[in-house]
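Here the structure is laid out as structure tokens; the discussion comes afterwards.
Positions are given from 1, in the same order as the sequence printed here. One-based numbering, in listed order, for ligands and for the atoms of each.
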Amino acid sequence: MAHIDAGKTTTTERILFYTGITHRIGEVHEGTATMDYMEQEQERGITITSAATTCTWNNIRINIIDTPGHVDFTAEVERSLRVLDGAVALFDSVSGVQPQTETVWRQGDKYKVPRICFVNKMDKAGADFEHVIETIRKRLGARAVAIQIPIGAEANFKGVIDLIEMRAILWHDETMGAKYSVEDIPESLLKKAEAFRMQLIETVAENDDEMLHKFLEGETPTAAELKKSLRSATIGMKVFPVLCGTAFKNKGVQTLLDAVVDYLPSPLDVPPVEGIDPSDPSITLVREAKDDAPFSALAFKLINDPFGKLSFIRIYSGGLKTGDTIMNPRTGKTERVGRLVKMHANKREDITEIYAGDICAAVGLKDVKTGDTLCTPNAPVALSAITFPEPVISVAIEPKTKADQEKMGMALARLSDEDPTFKVRTDEDSGQTIISGMGELHLEILVDRMKREHKVEANVGEPRVAFRETIRKTSEAEGKYIRQTGGSGNYGHVKIRLEPNEPGAGFEFVNEIKGGVVPKEYVKPTEQGIREALQGGVLAGYEMVDFKAVLFDGSYHDVDSNEMAFKIAGSMAFKEAARKASPVLLEPVMAVEVTVPEEHMGTIIGDINSRRGRIEGMEHSGGSQVIKAIVPLKEMFGYVNEIRSSTQGRASYSMQFARYEEAPRMISEEIIGRNQGK
Ligand SMILES: Nc1nc2c(ncn2[C@@H]2O[C@H](COP(=O)(O)OP(=O)(O)OP(=O)(O)O)[C@@H](O)[C@H]2O)c(=O)[nH]1
């Protein structure tokens, strides 16, 4: 995991080469990387979809997921971290911690994933290993400690000093780094190495009483003792070991693999997974990572390809064989597993069985969604799902020809099936198809995939911000749907109260009906009616969020009441109550970081202000200024061109979603006017 371009794919390609999976190194910039197999990835030199592969190092099987760094594909990182036991965080040797590094690091914290750090690109001009460690400590607040130090830097970077074994490792360029020699530490670096080793021992001793005792007694721990202690501190996420190298120049990768084996947990080192009993959510179930435990797995990724649907699964407990029947607690249905494959990027190898701790893909499972648990029907369990961010940007899309209409619907459905941050809906008023995603690049790639993989040409509108609506006041309203059509009648009658809720709370439904004034069977339909109505809001057609709807009263008719009538009554009550509850428009605001040479600072700050931005901080970093600001997404369209021309291409920026904020009145009026006028 890392910020974009830190070298994740380049490092993974070396791993595949040194572990004997490939016989030639694939390069990102030549479009030949094994892991970036999608056409768009090869053309653009970026990772878009996380690819899984497997290799073996020192007789240990390692499943690797190479994740994208671009913020638009953050869901790929989220789902990968949910199922991995450990991660390698990569850093650029010059820039250190970058904005997206912070995001993926926090995701790692959220899923409690132990990490080791690899400072890549040590061959680059300006490489500064110690500065990077400083930024990890300062910006990520992580207890980072060097377990290597570099020998040479920039063009002269030759290898590393291993601070555990106190030896020098030098890579042989002519073998593409496949061979290296182990030597004594050069005299000139000995003092520095000793000082760094002392720091390492101190850090480890803080978390290990035995080690602390030895340290205070003035004893030097052996390499084996140090390793053991560091392993447990790393697995406990108390310490993050830092290594260095240059993947592109083939140095430091084998020692990184050694560290993966030495310090990152095996499936047995992490706490057993917990889930709930699908038939009684108040019961917590624990599943040990044992082969003879009941089978449980999590589907974390789906891919539709010409050969069928692939469901990537991580097995948490028990084993699975082809021919076994599994159950999906979300649907309650069972399915037979026809085929299992090990994935090597886009190549697959058939297997017949798989066990706890491993990752593979099941071919052809029908009713699986991302985040579903699969388990044995005799001992059902539902593991906690994966959370995904909500899309913030949308565009209208229409097929170029009438004939493509149906094909487009199918293509979009398939793509959104694979990608939980890609949503498709039909605008009620205009009848247009609206697709939403995480950013301009995300939507551009999806439209491109629709064209290439599904052969549908489409016209795409201007990107628009996905606004939201919420309420500021509590209000009550009544919804009555009473009609007599021919013989049978309709009778639905409810009273509801809307209450504002915390930002991020979404929608919550509360049933306060007493004495059966609204019979049980009509409560769900009422909720359904509110849920459907809130999709279109009451101001400008945007989803209403962060509120509670409380159903507290109503009435029914013995003969005429039915589900449909209560659904309509719920929807009517919602619309009226929402209009009375001081509805406001919310807009997504972004955290923007611009890195710019001193002389262009004034221009950038002026420009951010004119985009309704707020400067939140400035920092000096390696001869440039880093400006941090909060800017509404609406004002950021086209920023990439603006910044290029105003600084002659000398500034760079990144942005990511921060939160939803109430839109200022002028903007609100503009959007409401536009959407009502259409
Ligand atoms: N100088 C130098 N360049 C490197 C090194 N490692 C990777 N690169 C280059 O940096 C660029 C980005 O490398 P990638 O491996 O695609 O980076 P990534 O982190 O996988 O990128 P995304 O997946 O798109 O986020 C490529 O042009 C690589 O050749 C290195 O050690 N030194």
Side-chain angles (χ1 to χ4, degrees), residues 1-18 22 24-53 64-78 80-81 87-105 107 117-129 132 148 150-160 171 173 176-177 243-256 345 438-439 441-442 444-445 652 654 656:
M1 57 188 226
H3 187 84
I4 193 159
D5 270 357
K8 297 174 290 292
T9 305
T10 307
T11 306
T12 311
E13 294 297 321
R14 267 61 187 178
I15 292 177
L16 295 181
F17 180 64
Y18 299 134
T22 55
R24 228 192 116 240
I25 293 178
E27 294 292 5
V28 175
H29 59 91
E30 288 167 7
T32 55
T34 314
M35 301 302 283
D36 282 350
Y37 58 83
M38 258 168 68
E39 271 177 47
Q40 289 93 331
E41 296 183 310
Q42 295 173 352
E43 287 166 10
R44 293 166 194 254
I46 58 166
T47 302
I48 293 167
T49 169
S50 50
T53 191
I64 305 172
I65 301 184
D66 175 19
T67 61
H70 195 285
V71 51
D72 281 15
F73 310 111
T74 183
E76 293 292 303
V77 184
E78 190 84 21
S80 305
L81 287 173
V88 177
L90 274 89
F91 298 83
D92 178 299
S93 68
V94 183
S95 316
V97 172
Q98 293 172 280
Q100 191 61 9
T101 330
E102 286 190 39
T103 307
V104 296
W105 193 267
Q107 286 171 317
C117 306
F118 183 65
V119 179
N120 187 34
K121 306 199 182 182
M122 284 303 297
D123 60 312
K124 244 173 85 171
D128 187 343
F129 179 65
V132 177
Q148 296 179 341
I151 302 176
E154 307 182 344
N156 274 325
F157 177 77
K158 301 220 153 39
V160 302
W171 276 268
D173 282 332
M176 304 292 282
L243 297 89
C244 63
T246 157
F248 185 56
K249 297 282 168 59
N250 310 313
K251 298 181 176 76
V253 176
Q254 295 94 333
T255 38
L256 175 64
M438 302 306 297
L441 180 64
H442 185 203
E444 187 187 318
I445 300 272
S652 64
S654 74
Q656 50 194 306

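- Of all protein heavy atoms, the one closest to atom 8 (N) of ligand 1 is Lys121 CE, 3.7 Å.
- Distances from ligand 1 to the non-hydrogen atoms of Ala2 include no value under 4.0 Å.
- Between the Glu154 side chain and the Gly126 main chain, a donor and an acceptor come within less than 3.5 Å of each other.
- Nearest to atom 2 (C) of ligand 1 by heavy-atom distance, out of Thr12, Val94, Val253, Asp123, is Asp123.
- In this structure, CZ in Phe129 is found 7.5 Å from CG in Leu243, a value given to the nearest 0.5 Å.
- Proximity of a side-chain donor or acceptor of Asn120 to a complementary backbone N or O of Leu90 within less than 3.5 Å is not detected.
- Between atom 13 (O) of ligand 1 and the options Val119, Thr10, Thr67, Thr9, the minimum heavy-atom separation is to Thr10.
- The shortest N/O to N/O separation between Met122 and ligand 1 does not fall below 3.5 Å.
- One N or O on the side chain of Gln148 and one on the backbone of Cys244 form a donor-acceptor pair closer than 3.5 Å.
- Side chain of Ser93 to main chain of Lys121: a donor-acceptor pair is present (N/O by atom type, distance under 3.5 Å, no hydrogens or angles).
- For ligand 1, the polar-atom distance check against Pro68 finds no nitrogen or oxygen pair separated by under 3.5 Å.
- Of the heavy atoms in Val28, only side-chain atoms (C-beta onward) come closer than 4.0 Å to ligand 1.
- For atom 27 (O) of ligand 1, the nearest protein heavy atom (residue, atom name, distance) is His29 CB, 4.2 Å.
- The distance from atom CD1 of Ile15 to atom CD1 of Ile64, rounded to the nearest 0.5 Å, is 4.5 Å.
- Considering each of Phe73, Phe248, Phe118, the one bringing a non-hydrogen atom nearest atom 5 (C) of ligand 1 is Phe248.
- Distances between N or O atoms of His70 and those of ligand 1 include no value under 3.5 Å.
- When all heavy atoms of Asp173 and Lys249 are compared, the pair lying nearest together is OD1-O, 4.2 Å.
- Counting heavy atoms from C-beta on, the side chains of Phe91 and Thr101 come closer than 4.5 Å.
- Near Ala247, the atoms of ligand 1 lying under 4.0 angstrom from a non-hydrogen atom of the residue are 31 (O).
- A side chain to side chain donor-acceptor pair (under 3.5 Å) with Asp66 is found for one member of Thr9, Thr10, Thr11 and no other, namely Thr9.
- Here the closest non-hydrogen pair linking Pro150 and Phe157 is CB-CE1, 3.6 Å.
- Contact check for Leu256 versus Val88: side-chain heavy atoms found under the 4.5 Å cut-off.
- Checked for salt-bridge contact, Asp123 and Lys251 miss the test: no charged N lies under 4.0 Å from a carboxylate O.
- When only non-hydrogen protein atoms are considered, atom 12 (C) of ligand 1 lies nearest to Asp5 OD1, 3.3 Å.
- Looking only at protein heavy atoms, the nearest one to atom 18 (P) of ligand 1 is Lys8 N, 3.4 Å.
- Less than 4.0 angstrom separates some heavy atom of Ile4 from each of these atoms of ligand 1: 24 (O), 25 (O).
- Protein heavy atom nearest atom 17 (O) of ligand 1, with residue, atom name and distance: Gly7 N, 3.1 Å.
- Given atom 31 (O) of ligand 1, the protein heavy atom at minimum distance is Thr246 OG1, 2.8 Å.
- Checking only distances, Thr11 never comes within under 3.5 Å of ligand 1, N or O to N or O.
- Counting only heavy atoms of the protein, atom 23 (O) of ligand 1 lies nearest to Thr47 OG1, 2.8 Å.
- Interface of Asn120 with ligand 1, defined as ligand atoms under 4.0 Å from a residue heavy atom, comprises 5 (C), 6 (N), 31 (O).
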